[in-house]
Protein chains: 2
Amino acid sequence: MQMTSKFTTAVHILTCIDVFGDEMRVTSDFLSGSTGVNAVIIRNVLAQLRGAGIVNTRQGSGGAHLAKPLNEITLYDIYRAVECVDDEGLFHFHENPNARCPVGKNIHKVMDGRLSAVQAAMENELKNITLAEIVTDTNLKSAHSFYKWRRMK
Amino acid sequence: MQMTSKFTTAVHILTCIDVFGDEMRVTSDFLSGSTGVNAVIIRNVLAQLRGAGIVNTRQGSGGAHLAKPLNEITLYDIYRAVECVDDEGLFHFHENPNARCPVGKNIHKVMDGRLSAVQAAMENELKNITLAEIVTDTNLKSAHSFYKWRRMK
DNA sequence: TAAAGCTGTAATAGTAATCATTACAACTCT
DNA sequence: AGAGTTGTAATGATTACTATTACAGCTTTA
């Protein structure tokens, strides 16, 4: 089991918007080039991020922009925006436990609270990581390589 | 994204083995009846649990048995046995970030440590839950309903 | 020792999810 | 008006999960 790559793609996208947004239009095509992910997928991810109030985009005039300060966007916000984790949660129950069996009848109830706690532990960790950290680290690691890439576009 | 239902199925199976194991042969067929999961799937899950040293099974003579005390089996052990989480981890990276882009070049490295921490937080929670708890709670909830079910088999 | 009941495992199929891709209408800006 | 974009629907390839059928091999017991 794994999260969709849309999650890391979304973080990548948002980092690009912040890093390059000052000087150029960050279009879905540009983001496709940086992530290696199809431009339509990028637009879909952007649509989900927009729905969550994380970015602004507009039809016609290209270019995505952050809708919030970097340090107010956590990885949890992005995860919620992009992964469909609403309904059932992280764990997927087998669907037809036998209600006539005392174990089958109760296993769901017995596990539910505990599994929610596990999920919450993961989500809390995600809440503690902001995009600001990601961007800062990325800038530190790549201080020297910006020039060329910008020229390419 | 979600975990396979094999995980909750495995917990259900192990609970049954402990609860019913004293008085009857807990076969894949019996477990199929309790979980509502196909008997072949049950046998596959049992095979994985056996590989992890959690249960013993033998060809011919039916009936699975726990290979360890209840309080030495954590949900983490079961999760590791049953989900294939070894290689890439919980998060799935988009596979072709552009190495010529300073963001694409570094995003993986920047996120990796943080995502590992998130995964570890979840796994630590799983390590804190033992099968002993699950069985105890199940027994409490179903004290009155065992008789009938046993008679059915 | 033969029959009955299990396990282990391979092969096949249905279903759902993910991602890529094509296509095109609607919008913005020059 | 035309070029460049976004938003979105439709289609297809690939992969994962689960169910199911089939059968060889093992154990127990009658």
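So that the names make sense, note that chain A is the first sequence line, chain B the second, and so on, each numbered from 1.
The NE2 atom of A:H94 sits 14 Å away from the C1' atom of D:dT18 (whole-angstrom rounding). Rounded to whole Å, atom P of D:dC17 lies 10 Å from atom CD of B:Q48. Taking atom CZ on B:R50 and atom P on C:dT7, their separation rounds to 11 Å, with Å as the unit. Atom pair A:I42:CD1 and D:dG7:P shows a separation of 13 Å (rounding to whole Å applied). Between the C1' atom of D:dT5 and the CG atom of A:L31 lies a distance of 13 Å, rounded to the nearest Å. Regarding B:E95, its CD atom lies at a distance of 10 Å from the C1' atom of C:dC19, rounded to whole Å. Taking atom CG of B:L46 as the reference point, atom P of C:dT7 lies 8 Å away to the nearest angstrom. Rounding to whole angstrom units, NE2 of residue B:H65 and C1' of D:dT27 are separated by 13 Å.
Phosphate contact (OP1/OP2 of D:dT18, side-chain N/O of B:S5, threshold under 4.0 Å): present. Contact annotation: B:S28 side-chain N/O to C:dC6 OP1/OP2 distance is not under 4.0 Å. At the phosphate of D:dC17, OP1 or OP2 sits under 4.0 Å from a side-chain N or O atom of B:T4. In this structure, A:T27 does not reach the D:dT5 phosphate: none of its side-chain N or O atoms is under 4.0 Å from OP1 or OP2.
The backbone N or O of B:P102 sits less than 3.5 Å from a side-chain atom of B:N106, completing a donor-acceptor pair. Judged purely by atom type and a 3.5 angstrom limit, B:E133 uses its side chain to pair as donor or acceptor with the backbone of B:T130. Distance alone, capped at 3.5 Å, places no donor-acceptor pair between the B:T4 side chain and the B:K6 backbone.
Of all heavy-atom pairs spanning A:A10 and A:L49, the tightest one is CB-CD1, 4.2 Å.
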I'd like a table of donor-acceptor pairs (distance under 3.5 Å, sequence neighbours excluded) in which one partner is a side-chain atom from residues 55-70 of chain A, with atom names and distances.
| residue | atom | partner | partner atom | Å |
| --- | --- | --- | --- | --- |
| A:T57 | OG1 | A:R50 | NE | 2.9 |

_Under 4.0 Å protein heavy-atom contacts per nucleotide of nucleotides 21-30 of chain C, with B for base, S for backbone only and - for none_ = BBB--BBSS-
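Checked for salt-bridge contact, A:R114 and B:D137 meet the test: a charged N lies under 4.0 Å from a carboxylate O.
A:F30 and A:F20 have perpendicular rings, their planes meeting at more than 60° on a 0 to 90° scale where under 30° would count as parallel.
The 5' end of DNA chain C is approached more closely, in terms of each residue's nearest nucleotide, by B:T57 than by the other of B:H92 and B:T57. Map B:G63 and A:G36 each onto its nearest nucleotide of DNA chain C; the residue landing nearer the 5' end is B:G63.
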